[in-house]
Trainee: 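Please find one structure pasted underneath; my questions will follow.
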Amino acid sequence: MCNMAAYAGNEPAAPKLFRMLQSQETLGGGHYNGIATIHNGKIHMIKVIGSTADLLKRHPEVLDLPGTVGIAHSRTPGIDSDEWAQPFFSYDEKVVYCANGDPGQFKDTDYNDFYRQSLADGMSYRTSIDEAATIYPVMSDGKCIHFSEIMANIIRSKQLKTPVVLRKLLRKALTEFKAEVAALALSESEPDAVSAIRINQPLMWGRDNSGFYLATSAFALENEKLQWINRVPHASAMTMTKDNITFEAMDEFAGYFMDHEPLTAIFAEFENMLNSGNDFCVDNFCKAAKKCWPAGKMAVANMIAYEYLREKMASGVLETFVADTPGSGKGLTAPQQRYRKKSAL
């Protein structure tokens with residue numbers, strides 16, 4: 001699964017975002033990496049197909065992106081193109097957006113009406129290709145577009161019509177065009193803030209004396225030596241500045257969630273996996289947890305898998321290693337973290 005990070009504080013954002021990507025890319029990303037910051041009311045972005053090592057090799061200036069507010073993304077396999085790396089600009093580069101997740105039970109969400117109108121309004125799509133690409137929508141004109149780029153344009157379109165705070169626009173967009181995601185965004189109209197949504201995919205927040213942080217996994221936040229690490233509530237929208245975090249409940253999604261997590265069943269699945277003596281990647285744990293949820297309810301399986309692995313690593317039960325896997329670009333590899341139970345001495 002993809003991994004994200006964000007920072008709003010008093011210190012340069014880019015180095016922190018890069019470190020948080022490094023800390024997480026082995027958990028399911030590593031095929032593409034991108035960082036966007038905002039400074040003096042302008043968004044700056046660098047992204048590539050490849051690992052964080054590839055990003056730094058091709059663009060060493062990424063660590064010097066200006067600003068103390070930013071977002072970052074490391075994603076799973078896809079098209080052999082830098083354009084399919086996240087984050088994604090809106091057509092006019094006034095908004096930048098990234099997400100972790102997939103359509104899930106909302107696979108019938110239809111973007112075509114907006115897509116056709118956006119083209120008529122002069123909007124463009126850099127991910128547009130002439131072939132189908134796994135889960136991504138094929139539009140009425142036969143083009144395949146990354147749905148996160150479509151969302152960037154949807155959010156910008158709503159912003160032009162109703163200039164309210166960005167978290168409310170994210171909420172409106174993801175209520176109208178539902179998906180099982182967590183998402184981050186920046187807007188030139190809010191130069192001091194990161195806006196975010198967590199529907200059901202993992203998102204953690206933390207803080208230190210310099211500001212506030214977001215990350216898909218707490219592994220990234222632990223490496224930053226933060227004073228506080230907490231879950232972002234599911235079905236919530238938020239705004240994060242250097243001084244505050246504001247949460248807003250998304251009651252539109254309340255009926256999609258269970259009132260408890262099936263932890264006994266999930267942990268039994270995990271123990272059976274680890275007792276097999278084999279090694280597993282994070283995605284294996286996420287899929288094992290997800291099957292414990294009843295149909296029609298949104299799973300928070302990936303959050304539980306991340307936190308389970310973090311606790312077991314801290315308690316010394318597991319050992320881990322990184323394996324190179326085939327990347328999404330020619331000649332590239334992606335690093336993948338794998339876990340297994342420690343052997344008894």
Side-chain angles (χ1 to χ4, degrees), residues 1-5 16 18-31 33 51-53 72-77 100-102 182 198 200-206 208 213-232 234 260-293 299-327 333-345:
M1 61 182 292
C2 302
N3 292 279
M4 304 188 300
K16 293 176 181 290
F18 186 83
R19 288 197 303 269
M20 286 193 282
L21 288 188
Q22 280 186 312
S23 298
Q24 298 180 106
E25 70 173 333
T26 59
L27 302 178
H31 288 260
N33 281 274
S51 65
T52 51
H73 190 281
S74 183
R75 63 156 290 188
T76 51
N100 165 31
D102 56 46
R198 181 187 172 213
N200 65 322
Q201 297 301 338
L203 197 59
M204 309 288 289
W205 71 271
D208 64 11
Y213 300 70
L214 291 170
T216 297
S217 80
F219 290 112
L221 302 180
E222 285 183 334
N223 288 345
E224 294 300 307
K225 307 294 191 294
L226 301 190
Q227 298 162 339
W228 302 94
I229 298 176
N230 303 279
R231 290 188 185 189
V232 173
H234 64 253
H260 67 281
E261 297 168 346
L263 297 180
T264 299
I266 292 170
F267 293 159
E269 290 283 342
F270 291 170
E271 290 301 312
N272 287 337
M273 290 168 61
L274 293 170
N275 288 336
S276 72
N278 297 323
D279 54 81
F280 301 92
C281 67
V282 167
D283 190 54
N284 298 138
F285 289 94
C286 293
K287 288 178 178 177
K290 187 174 182 179
K291 72 181 185 181
C292 297
W293 257 266
V300 293
N302 297 349
M303 174 73 84
I304 292 171
Y306 275 76
E307 288 296 271
Y308 176 89
L309 292 171
R310 183 165 74 112
E311 190 279 325
K312 293 300 183 185
M313 288 294 295
S315 61
V317 172
L318 301 181
E319 59 186 10
T320 184
F321 63 96
V322 176
D324 282 335
T325 61
T333 60
Q336 183 187 82
Q337 199 90 16
R338 301 191 67 84
Y339 297 86
R340 63 190 171 207
K341 183 174 270 189
K342 282 186 177 178
S343 301
L345 298 178

Trainee: Can you list the residues that meet the ring pair (Phe, Tyr, Trp, His ring centres under 6.0 Å) rule with Phe267, with sequence neighbours excluded?
Mentor: Tyr308

Trainee: Hey, what do you get for NZ (Lys312) to OG1 (Thr320), rounding to the nearest 0.5 Å?
Mentor: 15.5 Å

Trainee: With Ser74, which of Thr216, Asn33, Asn100, Thr52 fulfils side chain to side chain donor-acceptor pair (under 3.5 Å)?
Mentor: Asn33

Trainee: Between Ala215 and Leu221, which heavy-atom pair has the shortest distance, and what is it?
Mentor: CB-CD2, 3.8 Å

Trainee: Are Leu214 and Met4 packed together at the side-chain level, in the sense that at least one heavy-atom pair is separated by less than 4.5 angstrom?
Mentor: no

Trainee: Are any non-hydrogen side-chain atoms of Gln336 and Thr26 less than 4.5 angstrom apart?
Mentor: no

Trainee: State which residues pass side-chain contact (heavy atoms from CB on, under 4.5 Å) with Asn275; sequence neighbours excluded, sorted by chain then number.
Mentor: Glu271, Lys341

Trainee: Restricting to side-chain contact (heavy atoms from CB on, under 4.5 Å), what partner residues turn up for Glu222, sequence neighbours left out?
Mentor: Phe219, Ile229, Arg310

Trainee: Nearest 0.5 Å, please: how far is CG in Leu274 from CD in Glu269?
Mentor: 11.5 Å

Trainee: Can you tell me which residue pairs pass the salt bridge (Lys or Arg N to Asp or Glu O under 4.0 Å) test with a partner in residues 272-282, sequence neighbours excluded?
Mentor: Asp279-Arg338

Trainee: When rounded to the nearest 0.5 angstrom, what distance separates OH in Tyr339 from CE in Met273?
Mentor: 12.0 Å

Trainee: side-chain contact (heavy atoms from CB on, under 4.5 Å) between Val282 and Gln337: does it pass, once the steps are laid out?
Mentor: CA-CA 7 Å; Val282 167; Gln337 199 90 16; 5.5 Å; no

Trainee: Kindly give the heavy-atom pair with the smallest separation between Arg198 and Gln201, and that separation in Å.
Mentor: NE-O, 2.7 Å

Trainee: To the closest 0.5 Å, what do you measure between CE (Met20) and CD (Glu224)?
Mentor: 5.5 Å

Trainee: Report the C-alpha distance between Arg231 and Glu307 in whole Å, list the side-chain angles of each, state the deciding distance to 0.1 Å, and finish with yes or no for salt bridge (charged side-chain N to carboxylate O under 4.0 Å, His left out).
Mentor: CA-CA 10 Å; Arg231 290 188 185 189; Glu307 288 296 271; 5.4 Å; no

Trainee: Is a donor on one side and an acceptor on the other found under 3.5 Å between the side chain of Thr325 and the backbone of Ala334?
Mentor: yes

Trainee: Taking all non-hydrogen atoms of both residues into account, name the closest pair between Ala301 and Lys290 and its distance.
Mentor: CB-N, 3.4 Å

Trainee: Which residues satisfy the ring pair (Phe, Tyr, Trp, His ring centres under 6.0 Å) test with Tyr213, sequence neighbours excluded?
Mentor: Tyr7

Trainee: Taking all non-hydrogen atoms of both residues, which atom of Met204 and which atom of Ser217 are closest, and how far apart?
Mentor: CG-C, 4.1 Å

Trainee: Rounded to the nearest 0.5 Å, how far apart are CG of Asn200 and NE2 of His234?
Mentor: 9.0 Å

Trainee: Please list, chain by chain and in numerical order, all residues satisfying side-chain contact (heavy atoms from CB on, under 4.5 Å) with Pro262, sequence neighbours excluded.
Mentor: Met258, Ile266, Cys292, Trp293

Trainee: Indicate the atoms forming the closest heavy-atom contact of Ser23 with Ala220, along with that distance.
Mentor: CB-CA, 3.8 Å

Trainee: Quick one: does any side-chain atom of Arg340 pair with a main-chain N or O of Lys342 as donor and acceptor, under 3.5 Å?
Mentor: no

Trainee: Looking only at heavy atoms, what is the nearest atom pair of Gly29 and Asn3, with distance?
Mentor: N-ND2, 3.6 Å

Trainee: For the atom pair NE2 (His31) and CD (Glu25), what is the distance rounded to the nearest 0.5 Å?
Mentor: 10.0 Å

